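Note that the coordinates shown come from a computational prediction; the quantities given were computed from them, not determined experimentally. In what follows, chains are A, B, ... by sequence order, proteins preceding strands, each numbered from 1.
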2 protein chains.
Amino acid sequence: MNGAAGPGYDPYAFEPFAVTVDLAVFTVRGGALHVLLIRRGQEPYAGSWALPGGFVLPRESAEAAARRELAEETGLPEHIVAALHLEQLRTYSEPDRDPRMRVVSVAFTALVPDLPEPAAEGGGDAVQARWLPLGEAPDLAFDHAVILADARERVRSKLEYTCLATAFCPPEFTLGELLAVYETVWDTVLDRPNFRRKVLTTPGFVEAVPGAARLTGGRGKPAALYRAGPATALHPPLLRPEGPPR
Amino acid sequence: MNGAAGPGYDPYAFEPFAVTVDLAVFTVRGGALHVLLIRRGQEPYAGSWALPGGFVLPRESAEAAARRELAEETGLPEHIVAALHLEQLRTYSEPDRDPRMRVVSVAFTALVPDLPEPAAEGGGDAVQARWLPLGEAPDLAFDHAVILADARERVRSKLEYTCLATAFCPPEFTLGELLAVYETVWDTVLDRPNFRRKVLTTPGFVEAVPGAARLTGGRGKPAALYRAGPATALHPPLLRPEGPPR
DNA sequence: TCCTTTAATAGTCACTGTGACTATAAACAG
DNA sequence: CTGTTTATAGTCACAGTGACTATTAAAGGA
């Protein structure tokens with residue numbers, strides 16, 4: 001910025017802006033992409049579902065605020081929130097997006113594995129946090145439906161050219177589970193052997209856990225276990241099929 | 001956002017934030033990638049170079065502010081600014097990025113052709129706007145060096161999987177000029193026939209101008225002219241070479 | 001025990017896109 | 001006319017992928 005004709009040094013020269021963060025946290029559960037939502041306890045939109053988030057404090061970056069709000073508002077365990085891969089999505093700044101005052105919101109996206117605890121009660125406040133499948137997501141407060149749609153599209157395309165799909169998996173997983181992540185997020189069906197070949201020939205995408213295998217729910221040949229590798233980019237990309245099969 | 005324990009309805013409950021926009025506007029000129037910079041007339045950083053930008057007004061979105069500031073601060077013609085493809089880069093929110101007060105800045109990126117006028121004087125204010133090559137960019141005010149580096153990397157990767165390179169070209173251009181854009185932005189050398197084949201076989205990347213040709217500065221065979229096509233994405237992408245040749 | 005089902009794993013084949021390279025065409029300078 | 005420069009045309013081999021077939025290792029039922 002630069003104050004050619006700006007307010008100079010007086011912080012109160014303009015009606016102040018509030019700056020908030022909003023989070024679109026995704027997981028894959030039971031063949032459906034889920035998003036973490038909270039139920040609002042206050043006006044406006046009291047009783048509505050919304051993305052978790054909140055105000056950025058005066059001495060805090062947006063990234064720090066996102067992590068703090070996520071820990072406060074949702075029941076996500078500390079170590080999960082601290083290690084989480086948070087990515088800025090974009091900033092939403094339409095003048096009337098909040099009826100109370102001028103609020104500019106920095107939106108973030110995060111991917112987490114299917115957590116055992118279904119996001120318990122929030123930390124003291126009367127907020128209720130829940131995983132809801134995207135298919136049956138209710139109306140959301142503010143412009144959160146737009147943010148959620150943007151975040152979903154970002155995640156879908158990120159799977160194409162990054163190794164982020166493993167973020168949806170537990171520390172050790174089978175290639176069948178990784179395949180299920182892709183099929184769920186893209187809502188498509190992939191060829192199993194070709195998917196295998198692509199993942200295994202991409203250096204650093206996954207690393208075999210020596211000797212380990214897991215029975216896949218009782219039926220079928222036991223699958224080998226893998227861990228996420230050090231690679232982050234997928235060169236060349238793994239493109240999703242065009243036409244809408246499935 | 002949502003005010004579980006937030007400031008509720010009192011806009012003055014917190015020390016206010018200012019929200020600004022910063023623009024990284026690029027062009028290709030004389031074999032070098034250039035960025036549009038202004039020289040600051042005010043403290044802090046008076047006399048330093050900075051990215052163009054300024055405060056978001058109370059009833060204005062960040063996108064609108066970016067377009068307005070660009071028109072006000074730089075000598076860019078109206079119709080250029082109005083038609084410009086502006087893309088959000090990301091938002092910078094570190095608490096001390098501005099010594100005066102808490103300022104959160106939404107950064108944008110734009111690509112323009114090499115304009116005949118080298119960005120004349122700003123609109124009345126004593127700001128001086130100039131195109132400077134990235135190689136010899138001076139120290140920048142605030143965290144603008146970081147923003148500029150992020151924007152440059154965004155542009156470099158955007159050329160891989162979008163058709164945006166034509167935004168650097170005049171309305172009608174030769175494939176040699178388009179090639180020069182890629183070679184300049186990526187700082188590499190590409191194989192001419194292969195580049196041709198890629199561009200011409202990608203539907204909608206460019207459209208031939210029937211019968212038109214241009215003598216390429218006197219020497220060599222005249223080149224056919226093309227216009228930007230309707231396509232925006234490049235599937236499959238045109239990947240830059242890995243090792244640093246040239 | 002044998003046979004069927006299920007899912008993982010192995011391998012084959014053709015096609016597409018690309019990197020590297022050679023050849024021809026059309027302008028200008030001397 | 002000859003050499004230089006740049007645009008354009010075409011060739012060849014190889015990597016990556018889509019579509020497909022085959023084999024292996026487990027569970028469950030007859």
Side-chain angles (χ1 to χ4, degrees), chain A residues 31 159-161 169 172-183 186 188-203 205-206 208-226 231 233-246, chain B residues 31 159-161 169 172-183 186 188-203 205-206 208-226 231 233-246:
Chain A
L159 288 208
E160 290 192 332
Y161 58 93
C169 295
E172 295 191 348
F173 52 89
T174 70
L175 292 189
E177 291 167 346
L178 189 61
L179 172 67
V181 165
Y182 274 91
E183 291 187 332
W186 286 347
T188 187
V189 175
L190 300 177
D191 181 85
R192 213 174 250 276
N194 289 344
F195 177 80
R196 236 186 119 63
R197 179 180 57 189
K198 175 66 178 175
V199 172
L200 293 180
T201 62
T202 300
F205 194 171
V206 297
V209 178
R214 180 198 298 166
L215 300 200
T216 325
R219 289 170 120 68
K221 181 175 174 177
L225 286 178
Y226 294 86
L234 210 46
H235 268 318
L238 174 52
L239 297 173
R240 56 187 136 163
E242 327 231 321
R246 170 170 268 194
Chain B
L159 288 207
E160 290 192 330
Y161 58 93
C169 295
E172 297 190 346
F173 52 88
T174 70
L175 292 189
E177 292 167 345
L178 190 62
L179 172 67
V181 165
Y182 275 91
E183 291 187 333
W186 286 347
T188 188
V189 176
L190 300 177
D191 182 84
R192 213 173 249 275
N194 289 343
F195 177 80
R196 239 184 115 65
R197 178 181 59 191
K198 175 65 179 175
V199 171
L200 293 180
T201 61
T202 299
F205 193 171
V206 297
V209 178
R214 180 198 298 167
L215 300 200
T216 324
R219 288 171 119 67
K221 181 175 174 177
L225 287 178
Y226 295 86
L234 209 46
H235 269 318
L238 174 53
L239 298 173
R240 57 186 136 165
E242 327 230 322
R246 169 171 268 199

*Counterpart residues, side-chain contact (heavy atoms from CB on, under 4.5 Å), relative to A/Tyr182 (two or more places apart)*: A/Leu159, A/Ala165, A/Leu178, A/Trp186, A/Leu190, A/Phe195, A/Phe205, A/Leu234, A/Leu238
*Nearest-angstrom distance from the residue atom CG of A/Leu178 to C1' of C/dA7*: 16 Å
*Go through the structure and list residues passing salt bridge (charged side-chain N to carboxylate O under 4.0 Å, His left out) with B/Arg240, not counting sequence neighbours.*
B/Glu153, B/Glu160
*Can you tell me the distance, in whole Å, between the CZ atom of B/Phe195 and the P atom of D/dG10?*
19 Å
*Would you mind reading off the distance between A/Leu179 atom CG and C/dT9 atom P, rounded to a whole angstrom?*
11 Å
*Name the residue closer to the 5' end of DNA chain D, choosing between B/Tyr226 and A/Pro236 according to the nucleotide with the nearest heavy atom.*
B/Tyr226
*Whole-Å distance separating the CG atom of B/Leu200 from the C1' atom of D/dT8*: 10 Å
*Which heavy atom of A/Ala231 sits nearest a heavy atom of A/Pro203, and at what distance?*
CB-O, 3.5 Å
*Under 3.5 Å, is there an N or O donor on one side and an acceptor on the other linking the side chain of A/Arg196 and the base of C/dG11?*
no
*Measuring from B/Glu177:CD to B/Leu225:CG, what's the distance to the nearest 0.5 Å?*
7.5 Å
*asked:* I need the OH-P distance between B/Tyr182 and C/dG19, as an integer number of Å.
replied: 13 Å
*For A/Leu239 and for B/Glu177, locate the closest nucleotide of DNA chain D by heavy-atom distance; then report the residue assigned to the nucleotide nearer the 5' terminus.*
B/Glu177
*asked:* Within this structure, what is the OG1-CZ distance for the pair A/Thr202 and A/Arg197, rounded to the nearest 0.5 Å?
replied: 11.0 Å
*Gap between atoms CZ and P, on A/Arg219 and C/dC3 respectively (whole Å)*: 19 Å
*According to a strict under-4.0 Å criterion, is B/Lys198 in side-chain N/O contact with OP1 or OP2 of C/dT18?*
yes
_Protein-nucleotide distance (A/Leu190, atom CG; C/dA7, atom P), rounded to Å_ = 16 Å
Scan nucleotides 20-23 of chain D against the protein and return all N/O pairs shorter than 3.5 Å with their distances rounded to 0.1 Å.
none

*Is any side-chain N or O of A/Arg197 under 3.5 Å from a base N or O of C/dG11, one able to act as donor and the other as acceptor?*
no
*asked:* Checking A/Asp191 now: which residues fulfil side chain to side chain donor-acceptor pair (under 3.5 Å) with it, not counting sequence neighbours?
replied: A/Asn194
